[in-house]
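Take a look at the structure below.
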Amino acid sequence: MFDRVWLNAHLATMQGTDLGLVEDGAIAAKDGRIAWLGPRAALPAGGIETTDCGGAWILPGLIDCHTHLVFGGDRADEFERRLAGEDYQAILKEGGGILSTVRATRAAGEEELLAVALPRAEALMAEGVTTIEIKSGYGLEQEAELRQLRAARRLAEALPVVVRTTLLAAHAVPPEFAGRRAEYARLVAEAMVPAAQGLADAVDIFHDPLAFDSEDARLVIGAARRAGLPVKLHGDQHGDMGSAALGAECGALSVDHLEHANAAGLTAMGRAGTVAVLLPGATLFLRETRIPDIGAMRAAGVRMAVSTDMNPGSSPALSLLLMLNLACTLYRLTVTEALRGATVEAAAALGLDDRGRLAPGLRCDLALYRIARPAELCYWMGRNPCIGRVLEGR
């Protein structure tokens, strides 16, 4: 006997290497897991509750695998100033940029951080997102970083969504450590990573010409390994730092951004199974002309995920569906690549093998859409056709 059955629906299972389509299908759940799926005509009898989906499409619940969703304040004022012609470096020297977000985040209590993050998470959920990764990185001191992680964990208590937390204390050098980058990296490795055990599901490092070098990154990676936490990298965004190769070498779950990654590094990622997380929202918002080398990624067999990079400075994006469109229009991903990028590949970027596909035994996390074909999820800009979500069979 099933707990619940959804029928009169079309399924995009993400099984195999394409969308894994099942026309006129059905899904049955038992104890929060998918118990059966296939053509409706083959559905076994027995279900306590049945939902007629009226011809909707069912996809695995979407996964936003790279966000900075918990932070204080915003940077709309700087956005306006830059549009008026002010130079970003001048704004930064005045204490703007990421440092303004650091000040606002440090000043905010846990309740305030939770309150401002709730509507951001709800906006993503409204489009069919069932799992969200949330990074710290705007505290840049131990207690503020841990406060961000605690607020992120509490989102999952307040809302029907799964939250995976990532410690990104090595996001930038805080003002009190100006000129002492290596010293701050040691503090992150020796104090903050151990302190985050039990609050963080992974550790991230901004390995970039504007942030931390390879020596710093290896220090933090070593600390993460000792703490038993998987590693992710922000890498090769503003220059070729060899982040792709480093991520492959250290067994990182993912390397994210990769606008300047070289072909050898991408080949190493393909061999290692390290996921490339593509963030087209940052490309659009920053008006960047350099984009990741998608052709080299395809040639190397690199798995490609797509995410919002939701953050106040470079991608204030609260629509994963819009990111699917941008991944196709700016990066020239196919519809299949984009949709897999927000489901099965995004799950891999978080080290989660129990979701992102529709198959018996996996979590019954579903997103239902009133569309004629899956390509509409990448085609429309500003339309949200989501008519429901299912989280663990509920």
Side-chain angles (χ1 to χ4, degrees), residues 61-79 97-98 100-139 144-168 171 199-202 204 232 234 256 277 279-282 284-286 305-327 342 346 349-350 365 367 381-384 386 388-389 391:
L62 301 189
I63 299 169
D64 199 350
C65 64
H66 179 133
T67 85
H68 307 252
L69 195 140
V70 174
F71 58 86
D74 63 50
R75 306 236 284 272
D77 59 332
E78 293 176 20
F79 176 67
I98 189 172
S100 66
T101 301
V102 170
R103 286 194 304 275
T105 302
R106 287 179 174 182
E110 187 177 319
E111 295 297 331
E112 181 181 347
L113 290 174
L114 175 63
V116 296
L118 281 167
R120 299 169 190 158
E122 288 170 332
L124 295 171
M125 293 163 56
E127 293 188 339
V129 172
T130 53
T131 298
I132 305 173
E133 185 259 15
I134 301 176
K135 304 177 190 295
S136 64
Y138 290 118
E145 288 288 305
L146 299 182
R147 190 160 62 246
Q148 281 187 271
L149 294 175
R150 287 195 297 268
R153 285 285 176 98
R154 288 180 61 190
L155 276 173
E157 299 170 4
L159 298 171
V161 68
V162 175
V163 171
R164 300 291 288 185
T165 52
T166 299
L167 176 71
L168 181 58
H171 191 193
L199 277 178
D201 298 305
D204 198 345
K232 301 168 71 66
H234 280 60
D256 306 17
V277 178
L279 306 169
L284 176 72
F285 194 77
L286 296 176
V306 177
S307 187
T308 60
D309 191 18
M310 195 279 138
N311 76 81
S314 63
S315 186
L318 289 170
S319 171
L320 186 54
L321 293 183
L322 177 58
M323 297 306 107
L324 297 182
N325 175 277
L326 295 180
L350 298 179
D365 291 352
M381 300 176 69
R383 179 191 175 206
N384 178 15
C386 183
R389 297 181 320 130
L391 190 72

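A donor-acceptor pair under 3.5 Å is absent between the side-chain atoms of Glu145 and the main chain of Ser136, judged by distance alone. Remark: the backbone N or O of Asn311 is not paired with any side-chain donor or acceptor of His68 at under 3.5 angstrom. Looking only at distances, no side-chain donor or acceptor of Glu127 sits under 3.5 Å from a matching main-chain atom of Asn384.
Closest heavy-atom contact between Ser307 and Leu320: CA-CD1, 3.9 Å. Here the closest non-hydrogen pair linking Ala367 and Gly128 is CB-O, 3.6 Å. Here the closest non-hydrogen pair linking Asp309 and Ser314 is OD2-OG, 3.9 Å. Nearest heavy-atom pair, Phe71 versus Leu113, reported as atom, atom and distance to 0.1 Å: C-CD2, 3.7 Å. Residue Ala349 comes nearest to Cys65 through the heavy atom pair CB-SG, 4.1 Å, listed as atom of the first residue, atom of the second, then distance. Counting all heavy atoms, side chain and backbone alike, Pro119 lies closest to Ala115 at CD-O, 3.2 Å.
Within the 4.5 Å cutoff, no side-chain heavy atoms of Met310 are placed close to those of Ser315. No side-chain heavy atom of Pro316 sits under 4.5 Å from any side-chain heavy atom of Asp74. Annotation: side chain of Pro312 is in contact with side chain of Tyr138 (closest heavy-atom distance under 4.5 Å). Proximity of Ile134 to Thr166: side-chain heavy atoms (C-beta onward) are nowhere separated by under 4.5 Å. By the 4.5 Å heavy-atom criterion applied to side chains, Ser100 and Arg75 are counted as neighbours. Here the side chains of Leu167 and Leu149 are in contact, with some heavy-atom distance below 4.5 Å. Residues Lys232 and Leu350 form a side-chain contact, since some pair of their non-hydrogen atoms from C-beta on lies under 4.5 Å apart.
With sequence neighbours excluded, no residue forms a side-chain hydrogen bond (donor to acceptor under 3.5 Å, both in side chains) with Arg120. Not counting sequence neighbours, the partners of Asp365 by the side-chain hydrogen bond (donor to acceptor under 3.5 Å, both in side chains) test are Arg363.
Gln148 and Thr105 form no side-chain donor-acceptor contact under 3.5 Å, judged by distance and modelled atom types alone. Remark: the Thr308 side chain and the Asp64 side chain contain an N/O donor-acceptor pair separated by less than 3.5 Å. Side-chain N/O atoms of Asp256 and His234 include no donor and acceptor closer than 3.5 Å.
Taking OG1 from Thr101 and CZ from Arg106, the interatomic distance works out to 12.0 Å, rounded to the nearest 0.5 Å. Going from atom CG of Leu318 over to atom CE of Met323 covers 9.0 Å, rounded to the nearest 0.5 Å. Distance check, rounded to the nearest 0.5 Å: CG of Leu118 to CE of Met125 gives 9.5 Å. Atom OG of Ser319 is separated from atom CG of Leu124 by 8.0 Å, given to the nearest 0.5 angstrom.
Shown are Val306, Leu321, Thr131, Thr130; of these, the side-chain contact (heavy atoms from CB on, under 4.5 Å) with Leu62 is made only by Leu321.
Between Lys135 and Glu133 there is a salt bridge, since a side-chain N of the basic residue sits under 4.0 Å from a carboxylate O of the acidic one.
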N/O donor-acceptor pairs under 3.5 Å from side chains in residues 151-165, not counting sequence neighbours:
| from | atom 1 | to | atom 2 | distance (Å) |
| --- | --- | --- | --- | --- |
| Arg153 | NE | Thr165 | OG1 | 3.3 |
| Arg153 | NE | Leu199 | O | 3.4 |
| Arg153 | NH1 | Gly198 | O | 3.2 |
| Arg153 | NH2 | Thr165 | OG1 | 3.4 |
| Arg153 | NH2 | Leu199 | O | 3.1 |
| Arg153 | NH2 | Asp201 | OD1 | 3.2 |
| Arg154 | NH1 | Glu110 | OE2 | 3.1 |
| Arg154 | NH1 | Glu111 | OE2 | 2.8 |
| Arg154 | NH2 | Glu111 | OE1 | 3.4 |
| Arg154 | NH2 | Glu111 | OE2 | 3.0 |
| Thr165 | OG1 | Leu199 | O | 2.6 |
| Thr165 | OG1 | Asp201 | N | 3.4 |
| Thr165 | OG1 | Asp201 | OD2 | 3.3 |

